[in-house]
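Keep in mind that what you see is a predicted model, and the values were worked out from it rather than measured. We number each residue from 1, following the sequence as shown.
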Amino acid sequence: MRRALATPVEVSEFLGVPVATLYQWRHRGIGPKVHKLGRHLRYRWAEVEEWVDGQAVDLAA
């Protein structure tokens with residue numbers, strides 16, 4: 001069964017950032033992949049989690 005697509009509000013709560021930050025990231029092309037369905041923006045949870053995993057940095061280096 002597929003998970004429901006996430007709204008910008010849900011993703012902002014998950015990431016702990018304002019919705020406006022998600023919109024800025026989208027404009028700059030640096031945030032999680034977003035899908036436009038009509039006039040609505042939606043995120044796939046797997047893509048959000050993949051993006052988060054890609055943001056890891058090695059602070060010991």
Side-chain angles (χ1 to χ4, degrees):
M1 175 159 60
R2 288 187 165 215
R3 291 169 69 182
L5 296 174
T7 66
V9 171
E10 292 171 324
V11 174
S12 74
E13 290 173 359
F14 176 74
L15 297 176
V17 299
V19 172
T21 298
L22 290 177
Y23 293 143
Q24 288 174 9
W25 288 348
R26 177 178 178 258
H27 179 72
R28 295 171 58 194
I30 62 172
K33 188 174 181 181
V34 65
H35 302 272
K36 191 165 184 182
L37 304 172
R39 62 184 186 140
H40 304 283
L41 298 179
R42 294 295 182 262
Y43 296 84
R44 288 190 175 133
W45 282 113
E47 292 172 345
V48 172
E49 292 168 356
E50 182 180 312
W51 178 82
V52 169
D53 291 343
Q55 300 306 302
V57 293
D58 184 3
L59 299 177

Undergrad: Locate the shortest heavy-atom distance separating Pro18 from Ser12; write the atom from each residue and the value.
TA: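 Taking every non-hydrogen atom into account, C-CB, 4.0 Å.
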Undergrad: Please report the interatomic distance CG(Leu41) to CG(Leu22), rounded to the nearest 0.5 Å.
TA: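 Rounded to the nearest 0.5 Å, the CG-CG separation comes out at 9.5 Å.
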Undergrad: Please list all pairs passing the side-chain hydrogen bond (donor to acceptor under 3.5 Å, both in side chains) test where one or both residues lie in residues 29-41, with sequence neighbours left out.
TA: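 Every side-chain hydrogen bond (donor to acceptor under 3.5 Å, both in side chains) pair that includes a residue of residues 29-41, provided the two are not neighbours, is His35-Glu47.
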Undergrad: How would you list, by chain and number, every residue that makes a ring pair (Phe, Tyr, Trp, His ring centres under 6.0 Å) with Phe14, sequence neighbours excluded?
TA: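 Applying ring pair (Phe, Tyr, Trp, His ring centres under 6.0 Å) to Phe14 gives Trp45.
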Undergrad: For Val9, give me all partners under side chain to side chain contact (heavy atoms under 4.5 Å, CB included), at least two apart in sequence or on another chain.
TA: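 Listed in chain order: Thr7, Glu13, Val19.
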Undergrad: Looking at Pro32 and Trp25, what are the two nearest heavy atoms and their distance?
TA: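 In terms of heavy atoms, the two residues are closest at CD-CE3, 4.0 Å.
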Undergrad: Any chance you could pull the hydrophobic cluster mates of Leu37, using side-chain heavy atoms under 4.5 angstrom and chaining through other members?
TA: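 Via sub-4.5 Å side-chain contacts, Leu37 links to Leu5.
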Undergrad: Within the structure provided, determine whether Pro8 and Arg42 are in side-chain contact (heavy-atom separation under 4.5 Å).
TA: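 They are in side-chain contact.
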Undergrad: Side-chain donor-acceptor contacts of residues 48-55 below 3.5 Å, not counting sequence neighbours, with atom names and distances?
TA:
| unit_1 | atom_1 | unit_2 | atom_2 | d |
| --- | --- | --- | --- | --- |
| Trp51 | NE1 | Ile30 | O | 3.0 |
| Gln55 | NE2 | Trp51 | O | 3.4 |

